[in-house]
Asks: 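One structure, pasted below without further comment.
Starting from 1, each residue takes its place in the sequence as its number.
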Amino acid sequence: MSSVVVVGAGLAGLRTAEALRREGWAGGITVVGEEVHMPYTRPPLSKRILLAGGGHEEVALRLRPSTHETRWLLGRRVAHADLDSRLLTLGDGTKLPYDGLVVATGVRPRRLPASVGGPRAVLRTIDDAAALSRRLSPGARVAVIGAGFIGCEVAAAAIARGCRVTVVALDRVPMRVPLGTTVGEELRRRHRDAGVDFRLGTSVTAVDDGGVVLADGARVDADVVVEAIGSAPATGWLEGNGLDLTDGVVCDGTLRVQGRPGVVAVGDVARFPNALYDPVPRRIEHWQTAVDTSAHAAATLVGDLTGEPVDAPFGTVPTFWSDQGVVSVRSVGQPGIADEVAVLEGDLSGEAAVGYRRDGQLVGVVLLGMPKSLGPYLRTLTTELASARG
């Protein structure tokens, strides 16, 4: 009987396996995951788990019932894929053939060079979060390297736990790339008022047991150093197949991997054109996008395997949220591609809706507070994008 292998046991992998069943796939499904845990949701790791502790049971995803069994190979790593032979090799040498393949390996934390040295925590897994939470004791000195979403969420959680926090980053404004300078400056003000010390526009040259050393020779004393400098797609296992892996796995408009029938990619690792925006392939590291790509990719894959190809292009309006203690940030669309930013309503220093436009077209909206406005702005943006694409 034909079989599908899903590589990656996170949200995207789980939801794709479930969507395959909804699409009528009755063949075998095997999900391979490096972690020993069944799938869980990651956004609470930098929020609830850091604040209150907890384990897998607090973040486990509900598995939807199915009349067909799914096989789970957890704590196992795919070392290499031969796409021409449709064969996976696991880290222990086990060979795993497949008829259909789902690439759902997500991302890994980016790391500073090993030469920087010193003990550095990262936050990607439930085990990372639980270990870090235990170290956030009142009065602890915490240095966070990186001022993106994870870095600022860690800083907010540490402040709430009574720690003394310093954020160090190359960018001169927190979250500049995804949100722009205007919103980034306001978020820095709020975090600073809450007690976070920022050392921006500088890099870390060394880490030791007592803290970090900056490029100008200054030192930040710390009991805990957290590295939050972004993420990199987990694609090493796909090397040698002639794929473009420069930033994730390039997909066509149906989420097939470079147009290959029987191979799809989903979630953070997928770089795809968004039919509601433009033909430029981009990766989108958001929870909702993992869910949305899973449903579409499953339909594409089942169509390929049953000889009834699906060629409907995938389009989505991405959404995400970030709770940072000092403010709850919600976003719809793709603000990172905008060339113009302006407040649509409210006051930037309080609650506000901020619009992001590219060539005059609204491409995203970021809300500082205003949770009830998320739905209306999502509908407005979706309508405007669909109208612009004709």
Side-chain angles (χ1 to χ4, degrees), residues 1-40 60-106 234-235 237-238 241 243 249 251-270 272 290-314:
M1 179 178 287
S2 298
S3 64
V4 171
V5 175
V6 180
V7 184
L11 171 67
L14 170 62
R15 294 302 182 230
T16 304
E18 294 173 338
L20 287 167
R21 296 303 188 199
R22 290 199 305 274
E23 291 293 331
W25 180 251
I29 297 178
T30 298
V31 182
V32 184
E34 288 193 23
E35 292 186 61
V36 298
H37 304 291
M38 287 293 285
Y40 59 89
L61 288 165
R62 180 177 62 86
L63 275 63
R64 294 164 183 162
S66 172
T67 57
H68 300 281
E69 183 180 358
T70 295
R71 180 168 66 142
W72 296 87
L73 298 181
L74 300 177
R76 309 285 289 277
R77 177 180 63 87
V78 175
H80 180 68
D82 186 331
L83 298 188
D84 292 331
S85 300
R86 301 196 175 208
L87 184 67
L88 303 176
T89 302
L90 305 189
D92 60 5
T94 300
K95 304 295 184 181
L96 192 60
Y98 64 86
D99 298 287
L101 178 66
V102 179
V103 179
T105 38
T235 57
W237 62 284
L238 288 166
N241 287 286
L243 302 178
V249 180
C251 302
D252 66 13
T254 67
L255 300 177
R256 292 186 187 95
V257 172
Q258 290 186 205
R260 287 176 176 254
V263 185
V264 295
V266 295
D268 297 352
V269 75
F272 58 88
V291 175
D292 294 343
T293 53
S294 298
H296 197 95
T300 296
L301 186 56
V302 170
D304 287 348
L305 296 177
T306 58
E308 300 178 358
V310 174
D311 293 316
F314 176 68

Asks: Once rounded to the nearest 0.5 Å, what's the spacing between atom CZ of Arg76 and atom OG1 of Thr94?
Replies: 5.0 Å

Asks: Nearest 0.5 Å, please: how far is CZ in Phe272 from OG1 in Thr293?
Replies: 6.5 Å

Asks: Find the distance between NE2 (His80) and CG (Asn241) and round it off to the nearest 0.5 Å.
Replies: 5.5 Å

Asks: Are Val4 and Leu101 side-chain neighbours, meaning at least one heavy-atom pair lies under 4.5 Å?
Replies: no

Asks: Looking at Ala298, is its backbone amide N or carbonyl O close enough to the side chain of Thr16 to form a donor-acceptor pair, meaning the two atoms are under 3.5 Å apart?
Replies: no

Asks: Just jot down the side-chain contact (heavy atoms from CB on, under 4.5 Å) partners of Ala299, sequence neighbours excluded, or say none.
Replies: Glu23

Asks: Of the non-hydrogen atoms in Ala9 and Pro39, which two are nearest, and what is the gap between them?
Replies: O-CG, 3.3 Å

Asks: Between Phe314 and Asp292, is there a side-chain heavy-atom distance shorter than 4.5 Å?
Replies: yes

Asks: Establish, from distance only, whether the side-chain atoms of Arg15 and Ser294 form a donor-acceptor pair under 3.5 Å.
Replies: no

Asks: Can you give me the closest heavy-atom contact between Ala26 and His68, atom names plus distance?
Replies: CB-CE1, 3.7 Å

Asks: Considering all heavy atoms of both residues, which atom of Pro97 and which atom of Ser3 are nearest to each other, and what is their separation?
Replies: O-OG, 4.0 Å

Asks: For side chain to side chain contact (heavy atoms under 4.5 Å, CB included), just list the numbers for Arg64 and Arg22, CA-CA rounded to whole Å, side-chain angles, deciding distance to a tenth of an Å, and then say yes or no.
Replies: CA-CA 11 Å; Arg64 294 164 183 162; Arg22 290 199 305 274; 3.7 Å; yes

Asks: Who are the side-chain contact (heavy atoms from CB on, under 4.5 Å) partners of Ala312, not counting sequence neighbours?
Replies: His296, Val310

Asks: My understanding is that only residues two or more places apart in sequence, or in another chain, count here; which of them pass side-chain hydrogen bond (donor to acceptor under 3.5 Å, both in side chains) with Thr235?
Replies: none

Asks: Kindly compute the distance separating CG (Leu87) from OH (Tyr98), expressed to the nearest 0.5 Å.
Replies: 8.0 Å

Asks: Please name all residues satisfying side-chain contact (heavy atoms from CB on, under 4.5 Å) with Pro309, sequence neighbours left out, ordered by chain then number.
Replies: Arg256, Asp304

Asks: Taking the side chain from Thr105 and the backbone from Ala234, do they hold a donor-acceptor pair closer than 3.5 Å?
Replies: yes

Asks: Looking at Leu14, Val6, Val102, which one forms a side-chain contact (heavy atoms from CB on, under 4.5 Å) with Val31?
Replies: Val6

Asks: Would you sort out whether Leu63 and Thr70 count as a side chain to side chain contact (heavy atoms under 4.5 Å, CB included), showing the intermediate values?
Replies: CA-CA 11 Å; Leu63 275 63; Thr70 295; over 6 Å; no

Asks: Taking all non-hydrogen atoms of both residues into account, name the closest pair between Ala297 and Ala265 and its distance.
Replies: CB-O, 4.4 Å

Asks: Please evaluate residues Arg77 and Glu34 with respect to the criterion salt bridge (charged side-chain N to carboxylate O under 4.0 Å, His left out), reporting the C-alpha separation (whole Å), side-chain torsions for both, the decisive distance (0.1 Å), and the verdict.
Replies: CA-CA 5 Å; Arg77 177 180 63 87; Glu34 288 193 23; 5.3 Å; no

Asks: Taking all heavy atoms of Ala19 and all of Ala295, pick out the closest pair and write down the distance.
Replies: CB-CA, 4.1 Å

Asks: Who passes side-chain hydrogen bond (donor to acceptor under 3.5 Å, both in side chains) against Trp72, sequence neighbours left out?
Replies: none

Asks: Once salt bridge (Lys or Arg N to Asp or Glu O under 4.0 Å) is applied, what residue pairs with a partner in residues 80-90 remain, sequence neighbours excluded?
Replies: Asp84-Arg260

Asks: So, taking the atom named CG in Leu88 and the one named NZ in Lys95, what distance separates them when rounded to the nearest 0.5 Å?
Replies: 10.0 Å

Asks: Indicate yes or no for a side-chain donor-acceptor contact from Asp252 to the backbone of Gln258 under 3.5 Å, with no hydrogens or angles considered.
Replies: no

Asks: Can you tell me how far apart CG (Leu20) and CD1 (Ile29) are? Round to the nearest 0.5 Å.
Replies: 4.5 Å

Asks: Pick from Leu90, Val103, Val5: which one makes a side-chain contact (heavy atoms from CB on, under 4.5 Å) with Val78?
Replies: Leu90

